[in-house]
Student: 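Sharing a structure, written as structure tokens. Questions coming.
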Amino acid sequence: MLERAPIDFNTPVYNNEAFSDPKNHPKDLEASERYNMPISLASPVFLKPPKPGAGINTSIRKLLPLQKHYYQVLLRSLSEDAANYTPKRARRAIEKAALSWIYVGLEDGLMSSFPGHTGFPQNFDPRERPWYTLAKGKRGPMWGAPHADIGGMGLTLSCATSLYDARNRFLGVAGIDVTFDYIIEELLEITDLAGVEGAESFLLDKEGHIVVRSSKKGKKVSGSSGRELRMPKFMLPEVVQAVDALESSYVEVQRDGKKQTAVYNRMHSLGWYFVVLGQPEELLAKFR
């Protein structure tokens, strides 16, 4: 018979050290193949800044009610019905969820991250992370800040947004992570281009930098520093100029002694570009 008992979110507050303590870690802590470490779906991890202020415990109490919402958001990134899965089915489902991490960092330095896990370096401060500085003080979701996942999941892309109170005072930043492999599999890989030599697809930001490219699928990153990655400009200046002009079209060029075609289309919701690059004869043969 399937386990039907709901996940118990009425758990103590666990910090980074507690998740690695066999006597004090969350009861549901189990190994995950996707995350390469044990994770908890009932308890996020709470991280205090190196020098916490007097009001840090008040901040913890404010973030505690988010535990159930973290769980639902993570599963709903797979499907709307997934939030109602049994605990065992939910644990299997997150291996394929669109999101990998959900987190909130506050201006006082407190951070809550889900699923709950250990592995954060000493003196970790969310206010210094790329996703925090990306969105701080701005309005609306901000995509960017590609980085090496601190948990060892490879290359990751963040989306973050600033949080404000009723008086419009800045509180902190909430964010989500999506792995490059998921983006490539769901957005960049084109079945019709499978096996076409030299064909590749890209996501470019508003300045024409390569955010993700399909050839990076399965790319491993040495260590788990969480460092921000340098984003190079797209290799064709003609496409970079078109991005700057907000154009969608195609261009044919000579590159490395071969004729190549780049088809580029602006994604209006993000202001980013989807680009397919390859030899014109092969591309046309696939898309006729």
Side-chain angles (χ1 to χ4, degrees), residues 77 98-103 105 126-151 153-163 170 172-190 193 198-221 225-253 255 260-278 283:
S77 73
L99 306 184
S100 53
W101 303 110
I102 305 171
Y103 41 85
R127 297 166 294 187
E128 299 175 356
R129 306 309 310 153
W131 52 268
Y132 196 96
T133 57
L134 172 75
K136 182 178 178 179
K138 300 175 184 176
R139 299 286 177 173
M142 306 295 296
W143 282 93
H147 58 278
D149 177 60
I150 201 167
M153 294 179 70
L155 301 176
T156 302
L157 188 65
S158 297
C159 179
T161 187
S162 285
L163 303 175
F170 175 72
V173 173
I176 57 172
D177 281 357
V178 185
T179 65
F180 273 33
D181 280 359
Y182 182 89
I183 295 171
I184 292 169
E185 290 171 1
E186 298 297 323
L187 299 179
L188 294 189
E189 284 189 337
I190 302 175
L193 292 183
E200 190 172 3
S201 50
F202 304 80
L203 282 181
L204 309 185
D205 69 8
K206 298 176 182 179
E207 286 75 43
H209 295 101
I210 299 173
V211 181
V212 187
R213 58 192 300 174
S214 57
S215 62
K216 292 295 184 180
K217 183 177 179 179
K219 176 72 174 180
K220 300 300 180 184
V221 183
S225 65
R227 68 185 184 279
E228 188 173 10
L229 305 177
R230 183 183 68 86
M231 296 190 294
K233 285 279 190 178
F234 190 68
M235 61 284 295
L236 301 182
E238 297 89 343
V239 174
V240 175
Q241 292 170 8
V243 169
D244 187 57
L246 307 182
E247 297 173 348
S248 295
S249 186
Y250 72 96
V251 63
E252 292 187 354
V253 299
R255 181 169 175 264
Q260 287 191 309
T261 295
V263 181
Y264 48 91
N265 186 66
R266 187 168 185 264
M267 304 166 66
H268 292 279
S269 59
L270 293 177
W272 287 10
Y273 272 77
F274 177 73
V275 180
V276 179
L277 178 65
L283 291 182

Student: For S77, give me all partners under side chain to side chain contact (heavy atoms under 4.5 Å, CB included), at least two apart in sequence or on another chain.
Tutor: A97, A98, L99
Student: Using side-chain contact (heavy atoms from CB on, under 4.5 Å), reason through T156 and V178 one step at a time and then give a plain yes or no.
Tutor: CA-CA 6 Å; T156 302; V178 185; 5.9 Å; no
Student: Does the pair R213 and E200 meet the rule for a side-chain contact (heavy atoms from CB on, under 4.5 Å), with working shown?
Tutor: CA-CA 7 Å; R213 58 192 300 174; E200 190 172 3; 2.8 Å; yes
Student: Contact between Y182 and S100 at the side-chain level, heavy atoms closer than 4.5 Å - yes or no?
Tutor: no
Student: Report the residues that fulfil salt bridge (charged side-chain N to carboxylate O under 4.0 Å, His left out) with R266, sequence neighbours left out, ordered by chain and then residue number.
Tutor: none
Student: Below 4.5 Å, heavy atoms only, C-beta onward: do V251 and T261 meet side chain to side chain?
Tutor: no
Student: If you define the side chain from C-beta out and look only at heavy atoms, does anything of W131 sit under 4.5 Å from C159?
Tutor: no
Student: Considering all heavy atoms of both residues, which atom of W143 and which atom of L157 are nearest to each other, and what is their separation?
Tutor: CE3-CD2, 3.8 Å
Student: Among all residues two or more places apart in sequence or in another chain, which pass the ring pair (Phe, Tyr, Trp, His ring centres under 6.0 Å) test with F202?
Tutor: F234
Student: Among residues at least two apart in sequence or on other chains, which ones pass ring pair (Phe, Tyr, Trp, His ring centres under 6.0 Å) with Y132?
Tutor: none
Student: Taking it one step at a time, do S158 and D177 satisfy side-chain hydrogen bond (donor to acceptor under 3.5 Å, both in side chains)?
Tutor: CA-CA 5 Å; S158 297; D177 281 357; 2.8 Å; yes
Student: Is there a side-chain contact between L277 and L236 in this structure, where contact means two heavy atoms from C-beta onward sitting under 4.5 Å apart?
Tutor: yes
Student: Check whether Y264 reaches the backbone of L204 with its side chain - one donor and one acceptor, N or O, closer than 3.5 Å.
Tutor: no
Student: Do W272 and V211 come within less than 4.5 Å of each other through their side chains, counting heavy atoms only?
Tutor: yes
Student: Is the side chain of S201 donor-acceptor paired with the backbone N or O of S214 at a distance under 3.5 Å, no angle test?
Tutor: no
Student: Please identify each residue that fulfils side chain to side chain contact (heavy atoms under 4.5 Å, CB included) with A135, with sequence neighbours left out.
Tutor: M142, A160, S162, V173
Student: For E238, which residues count as a salt bridge (charged side-chain N to carboxylate O under 4.0 Å, His left out) partner, sequence neighbours excluded?
Tutor: none
Student: Of all the heavy-atom pairs spanning V275 and A262, show the shortest one and how long it is.
Tutor: CG1-CB, 4.4 Å
Student: List the steps, then state whether side-chain contact (heavy atoms from CB on, under 4.5 Å) holds for L203 with Y273.
Tutor: CA-CA 6 Å; L203 282 181; Y273 272 77; over 6 Å; no
Student: Side chains of L134 and R129: does their closest heavy-atom pair fall under 4.5 Å?
Tutor: no
Student: Return each pair, listed once, that meets side chain to side chain donor-acceptor pair (under 3.5 Å) where at least one residue sits in residues 203-212; pairs must be two or more places apart or across chains.
Tutor: D205-H209
Student: For K136, which residues count as a salt bridge (charged side-chain N to carboxylate O under 4.0 Å, His left out) partner, sequence neighbours excluded?
Tutor: E107
Student: Would you say the side chain of W101 lies within less than 4.5 Å of the side chain of I176, judging by non-hydrogen atoms?
Tutor: no
Student: Give me the atom names and distance for the closest heavy-atom approach of I210 to K233.
Tutor: CD1-O, 4.1 Å
